[in-house]
Amino acid sequence: MAIKLDNIFNSAIENSLFKNKNILQSNYNPESILHREKQIKLVASIMAPLLRGERCSNLFLYGKTGTGKTLSVLYVKDEIDKRAKDLGINLKIRYLNCKLKKVSDTEYRILAELIEQLGESVPATGLPTQEVYSRFIELIDKEKQVVVILFDEIDHALKKISDSFLYTLLRLNSELSQAQISIVGISNDITFLDNIDPRVRSSLGEEEILFPTYNAIQLQDILKERANLAFKENVVSEGVIAKCSALAAREHGDARRALDLLRIAGELAERDGQKNITEEYLDKANKKIERDKILDLVETQPTQCMVVLYSIILLTNESKKEDKGSFFTGDVFNLYQDLCNKLKLEILTQRRISDIIADFDMLGLINARVISKGRHGRTREIKLSIPSNILPKVEEILKESLNL
DNA sequence: AGGTATTCACATGAAACTATTCTCTGAGTTAGG
DNA sequence: TAACTCAGAGAATAGTTTCATGTGAATACCTGT
């Protein structure tokens, strides 16, 4: 029953285009960070007082995704950690990504995660939030030390939690007798600071650093450096790098995306047994990334949301056939009700469906615009924005998961 | 004709409810001394 | 008597429902010419 896989494996090993694929993975830490000297130095100088055992100013970093914010901060963190160790300073810098599933978007979980990072543990539920809070204070304040907390994607957390949480955290110093605390916030949303409590704003933004987007040339440098390490000789040409960075620069100068693109292009080319990556593979990779993103999104939707999405797809097909333009929330809800009856599912309220539709809009699966039809009310005009080439696949997934 | 008021069909917000998961506590039970 | 078990109280959370309020412009309804 042994299937001869040796050939496949062997050729996979021999024909690999990669020297070290990790280097293109987004969690990889390069030794050198290009085009961010200025910001890194600034961060370092702001955080330097830590090495004297003092707290540093609260710091706020902002810039779009993939502009090296996290990378830079973590780099400085490592360097400071090293020095602090040599100097024997009691310093704890903890990094917390507010976007992780585990952390979710609640005060409780953020505190719980912080406590865990500081080496203790709290139950995932069951305790009053206040209790977790005082445990946190106790934990920090039991010895003389400086604690720095890096909140990555802080905007994400604060969408759900009121900013009073940050405010309390920022004022924690007055409650601490021995320890001191500093907060570093990292945000992808540039307008984030504008929409929060001014008191929080002034204390969180004691120092602010903007990370500008990379332009195509800078991206090219970054890609070139990583590609040299990641790929074998002659696998990627200058042209491919140039195109890759151009693609990414057009889409907000996101370096992470550029690296993903290059990696996926490499994987695709490798699978086809190519000896090098051509520009056409970049296009393929671009499509694949998009496709995977959407399919993944659809697959992981809860049943009710799937039904709503399916209704939208059906309505799209119908309106295309009959050539009668667009449809609205009410139409979706009606069809959704029919489907629920057929599938013997509970019917959710229109209020809820409205929210689900809004969510789909956020996710980019559909394009919903609130319009007023005058006498005929106000509603959302809904358009599907799933590319037609993957629509059949999406439909298939939905049908399968809904047993249609 | 031009201006104003209505009115529709939802959007949007806030609060309250529900089911589930988990901790903590203390009463009752058990087994060993 | 110490260790163990187990039920009940209390919390947090996600996903809803319920109730309340908001809203943009096509239409109905006036107005005065």
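Just so it is clear: chains get the letters A, B, ... in the order the sequence lines come, proteins before strands, and each one is counted from 1.
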Side-chain N or O of A:Thr125 less than 4.0 angstrom from OP1 or OP2 on C:dT13?
no
Just jot down the ring-ring contact (aromatic ring centres under 6.0 Å, His included) partners of A:Tyr75, sequence neighbours excluded, or say none.
none
How does each nucleotide of nucleotides 18-28 of chain C score, in 5' to 3' order, for protein heavy atoms under 4.0 Å: base (B), sugar-phosphate only (S), or none (-)?
B----BBBB-S
How close or far is atom P of C:dA12 from atom CZ of A:Arg135, stated in whole angstroms?
13 Å
Please work out if A:Ile371 contacts a base, only the sugar-phosphate, or nothing of the nucleic acid, heavy-atom cut-off 4.0 Å.
nothing
State yes or no: are the ring centers of A:Tyr167 and A:Phe165 separated by less than 6.0 Å?
no
For a quick check under 3.5 Å, do A:Asn58 and A:Ser182 share a side-chain donor-acceptor pair by atom type?
no
With sequence neighbours left out, which residue pairs that include part of residues 207-218 of chain A fulfil the salt bridge (charged side-chain N to carboxylate O under 4.0 Å, His left out) condition?
A:Arg201-A:Glu208
Using a strict cut-off of less than 4.0 Å between a Lys/Arg side-chain nitrogen and an Asp/Glu carboxylate oxygen, indicate whether A:Lys293 and A:Glu290 qualify as a salt bridge.
yes
Enumerate, atom names and distances included, each donor-acceptor pair closer than 3.5 Å involving a side-chain atom of residues 171-180 of chain A, sequence neighbours excluded.
unit_1   : atom_1 : unit_2   : atom_2 : d
A:Asn173 : OD1    : A:Ile181 : N      : 2.9
A:Asn173 : ND2    : A:Ile181 : O      : 3.0
A:Ser174 : OG     : A:Arg171 : O      : 2.8
A:Ser177 : OG     : A:Asp141 : OD2    : 3.0

Exercise answer: donor-acceptor pairs, residues 122-134 of chain A side-chain atoms, under 3.5 Å, sequence neighbours excluded:
unit_1   : atom_1 : unit_2   : atom_2 : d
A:Glu131 : OE2    : A:Arg135 : NE     : 3.2
A:Ser134 : OG     : A:Gln130 : O      : 3.1
A:Ser134 : OG     : A:Glu131 : O      : 3.1

Any base atoms under 4.0 Å from A:Ile353, or only sugar-phosphate, or nothing? Heavy atoms, all strands.
nothing
Qualifying residues under salt bridge (charged side-chain N to carboxylate O under 4.0 Å, His left out), relative to A:Glu381, sequence neighbours excluded:
A:Arg369
Pair A:Lys69-A:Asn188, side-chain donor/acceptor within less than 3.5 Å
yes
Using the salt bridge (charged side-chain N to carboxylate O under 4.0 Å, His left out) criterion, which residues pair with A:Lys82? Sequence neighbours excluded.
A:Glu79
Which heavy atom in A:Ser311 sits nearest to a heavy atom in A:Leu335, and how many Å separate them?
O-CD2, 3.5 Å
First and last nucleotide of DNA chain B touching chain A, 5' to 3', heavy-atom cut-off 4.0 Å?
B:dT6 to B:dC24
Which of residues 362-370 of chain A sit near DNA chain B, with a heavy atom under 4.0 Å from it?
A:Val370
To the nearest Å, how far apart are A:Glu346 CD and C:dG15 P?
15 Å
Taking only residues two or more places apart in sequence, or in another chain, which ones meet A:Phe18 in a ring-ring contact (aromatic ring centres under 6.0 Å, His included)?
A:Phe231
Quick one: list whatever passes salt bridge (charged side-chain N to carboxylate O under 4.0 Å, His left out) with A:Asp283, sequence neighbours left out.
A:Lys243
Using a strict heavy-atom distance below 4.0 Å, which residues from residues 303-316 of chain A are in contact with DNA chain C?
none
Looking at every strand, decide which applies to A:Gln350 at a 4.0 Å heavy-atom threshold: base, sugar-phosphate, or nothing.
sugar-phosphate
